[in-house]
2 protein chains.
Amino acid sequence: MSTTKQDLVNVNLGERSYEIKIGNGVLSEIAKTIKTVSPDARCVIVTDSNVNSAHGDTLRAFLDGGGIAHSTLEVSPGEQSKSWSVFQQVVDGILAAKLERNDLVIAFGGGVVGDLAGFAASVVRRGMRFIQVPTSLLAQVDSSVGGKTGINSAHGKNLVGAFHQPAEVLIDLDVLKTLSPREFRAGYAEVAKYGLIKYPDFFSWLEQNHADVFSHGEGLAKAIQTSCEAKAEIVAADETESGQRALLNLGHTFGHALEGYTAYDGSRLVHGEGVAIGMMLAHRFSNRLNHCSMDDVTRVETHLKAVGLPTEISQIPGDLPSVETLMSFIAQDKKVKRGALTFILTKGVGKSYIADDIPPSEVFGFLTDQLTK
Amino acid sequence: MSTTKQDLVNVNLGERSYEIKIGNGVLSEIAKTIKTVSPDARCVIVTDSNVNSAHGDTLRAFLDGGGIAHSTLEVSPGEQSKSWSVFQQVVDGILAAKLERNDLVIAFGGGVVGDLAGFAASVVRRGMRFIQVPTSLLAQVDSSVGGKTGINSAHGKNLVGAFHQPAEVLIDLDVLKTLSPREFRAGYAEVAKYGLIKYPDFFSWLEQNHADVFSHGEGLAKAIQTSCEAKAEIVAADETESGQRALLNLGHTFGHALEGYTAYDGSRLVHGEGVAIGMMLAHRFSNRLNHCSMDDVTRVETHLKAVGLPTEISQIPGDLPSVETLMSFIAQDKKVKRGALTFILTKGVGKSYIADDIPPSEVFGFLTDQLTK
């Protein structure tokens with residue numbers, strides 16, 4: 001039951017603080033973790049059918065080994081499960097399992113499962129605790145840390161949800177080995193994002209070491225740990241996004257608009273790919289507004305291309321969106337303030353900032369050029 | 001726009017603290033209140049068709065007078081609106097109105113509207129602020145204060161929800177004049193509850209002054225203010241019900257079971273009537289367990305009868321429930337801990353306490369006697 005090497009990242013949020021455990025095989029510590037968080041807790045595992053097939057029996061064996069009672073709720077893989085109907089199913093399923101206030105929900109899957117299960121935990125009996133066991137690179141470096149949970153609405157992505165911090169996060173590097181190369185790459189977009197936001201040395205390190213990260217070498221643990229530390233630092237300073245936490249949305253306003261236009265069809269575009277193109281657009285838009293040099297734009301483009309991430313809207317299979325379509329999704333996005341649009345822009349690699357005064361006409365002009373170039 | 005007399009109760013919850021304004025005509029202060037809470041806020045009013053007909057135009061006129069943009073979402077009156085489907089409608093309606101993070105939801109109605117609108121506000125964009133404007137006596141003295149919000153599930157009442165504190169509570173005594181005598185009486189059950197929990201002097205005062213309270217005399221303001229102060233004190237000491245806040249559930253475990261058995265059919269039993277019978281049962285059960293004297297039981301019964309509240313399960317129209325039916329609802333109730341049942345019992349008027357070790361067999365025997373007497 002002991003793991004070889006394990007890194008710890010603390011998320012400092014006062015009485016809502018928690019630890020992130022990172023390492024190969026940390027899943028084997030699930031029973032010990034649960035007993036620390038809530039002795040005698042019973043658990044409901046929320047997972048999707050892909051993760052359940054690949055790793056569900058392993059998780060259940062560790063729980064059985066620790067004498068922890070559990071049941072499993074399985075949802076369909078994919079963004080479509082962040083819906084009202086699946087949310088209601090998960091909440092009712094947790095209630096049907098008769099969990100009590102000291103019991104725990106285990107979010108076992110990628111970002112969709114984490115957002116869905118965390119939000120469900122937040123509303124069952126007005127708030128149950130939950131443990132994040134993220135199984136995708138995207139979830140490990142981004143969505144499992146920081147307490148943002150939620151589902152999508154007809155009015156836009158993640159517009160319904162809660163800030164609900166996990167009691168613990170277990171990041172097992174071994175489970176990443178079953179990810180498809182495409183999903184791994186998509187998660188890497190969020191890793192690169194931390195460098196671009198405010199950690200230029202980390203971005204330089206990634207430029208040098210991305211091959212090692214992608215081949216599951218020693219660099220992978222460092223990339224994940226540094227990403228979690230970066231996110232933990234930003235979240236601890238601004239838990240409910242009244243300020244600097246918005247920097248984490250670099251690339252996301254454009255990215256969400258692209259995901260909206262593909263109707264969240266993962267065969268065309270997955271979230272991390274949308275973020276990659278979105279980060280590229282944020283740098284080009286910043287350059288157009290004379291905030292960021294063309295050298296920086298080229299540097300970002302070179303790196304994203306080197307790891308195989310898309311950098312152009314035209315790389316999304318299917319018809320190009322119209323500018324009007326993208327603008328309507330951007331206007332729906334929640335980072336809007338009194339008509340003027342809020343974007344995360346940049347003055348160069350590692351120098352992002354919040355601009356809350358962008359006239360829609362500027363964005364319209366920029367996107368028109370991007371779609372016709 | 002100035003009101004004559006106004007009482008203030010502070011709910012002390014650190015950064016989530018807020019004021020309760022109580023008085024005749026305080027609704028006229030809504031625009032001033034909103035400008036204090038969030039200058040430039042736009043509002044969505046969530047209300048039910050009864051309250052909207054009786055007072056909606058008055059509220060909207062005050063908002064118009066203060067230059068505050070607003071729209072209205074109307075739901076059906078009654079407990080049936082605390083459902084998944086109506087919850088989704090309200091959340092989507094707030095999103096459709098394009099409220100932003102600094103805007104406000106106004107919960108304008110009784111307990112159902114407050115619970116529903118407050119929960120909706122808690123999940124839109126991961127948390128919007130809201131103002132409680134309770135229009136029933138029950139909501140004014142109980143549900144609008146303390147931040148418990150939520151909806152019902154097939155598995156039980158209020159099992160899905162959030163702790164979400166309002167930004168302000170406006171209690172206008174004038175709106176109570178359109179309440180039916182039955183609804184007013186039902187709200188009074190919660191007023192009497194505070195005396196029974198831990199304020200025996202208040203209970204004595206109610207025994208002397210209930211006629212004045214029921215005729216909307218000066219005692220009404222005092223009864224409401226004292227109730228809000230009592231609730232604020234208990235909530236401030238235990239916001240998320242990890243301890244003493246559970247005292248507020250006096251009469252509620254039995255009461256919820258009775259409401260469950262009538263399927264929340266308000267023509268048979270409204271919440272406050274269930275609480276009145278439930279408080280009576282809690283006193284009789286405490287007496288059976290030798291914790292409470294028969295004199296205290298008689299005193300409570302005399303007072304509840306004096307104001308016209310029911311005190312017997314047999315007063316509910318329709319067939320009597322079976323003991324098994326009531327026990328199954330009690331087991332579903334969320335105040336259950338590892339098999340043993342938690343009840344709020346009492347050592348006499350003003351001396352309630354939490355008993356978390358009640359064997360189900362004791363409850364079964366007691367209810368059998370109650371149903372066959």
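Throughout, protein chains are lettered first and strands after them, A, B, ... in sequence-line order, and every chain is numbered starting at 1.
Not a single donor-acceptor pair under 3.5 Å links the side chain of B/His155 to the backbone N or O of A/Lys98.
If you check the side chains of B/His271 and B/Glu190, you find a donor sitting under 3.5 Å from an acceptor. Side-chain polar atoms of B/His256 and B/Asn249 form no donor-acceptor pair below 3.5 angstrom.
Residue with the most contacts toward chain A among B/Val160, B/Thr240, B/Leu95: B/Leu95 (heavy-atom pairs, distance under 4.5 Å). The choice from A/Ile94, A/Thr149, A/Ile151, A/Val124 that makes the most heavy-atom pairs within less than 4.5 Å of chain B is A/Thr149.
For B/Val91, the part lying near chain A is the side chain, with the backbone staying farther off; criterion is any non-hydrogen pair under 4.5 Å. Looking at B/Ala120, there are no atoms closer than 4.5 Å to chain A (heavy atoms on both sides), in backbone or side chain.
The minimum heavy-atom distance linking A/Phe130 with A/Ala121 is given by the pair CB-CB, 3.9 Å.
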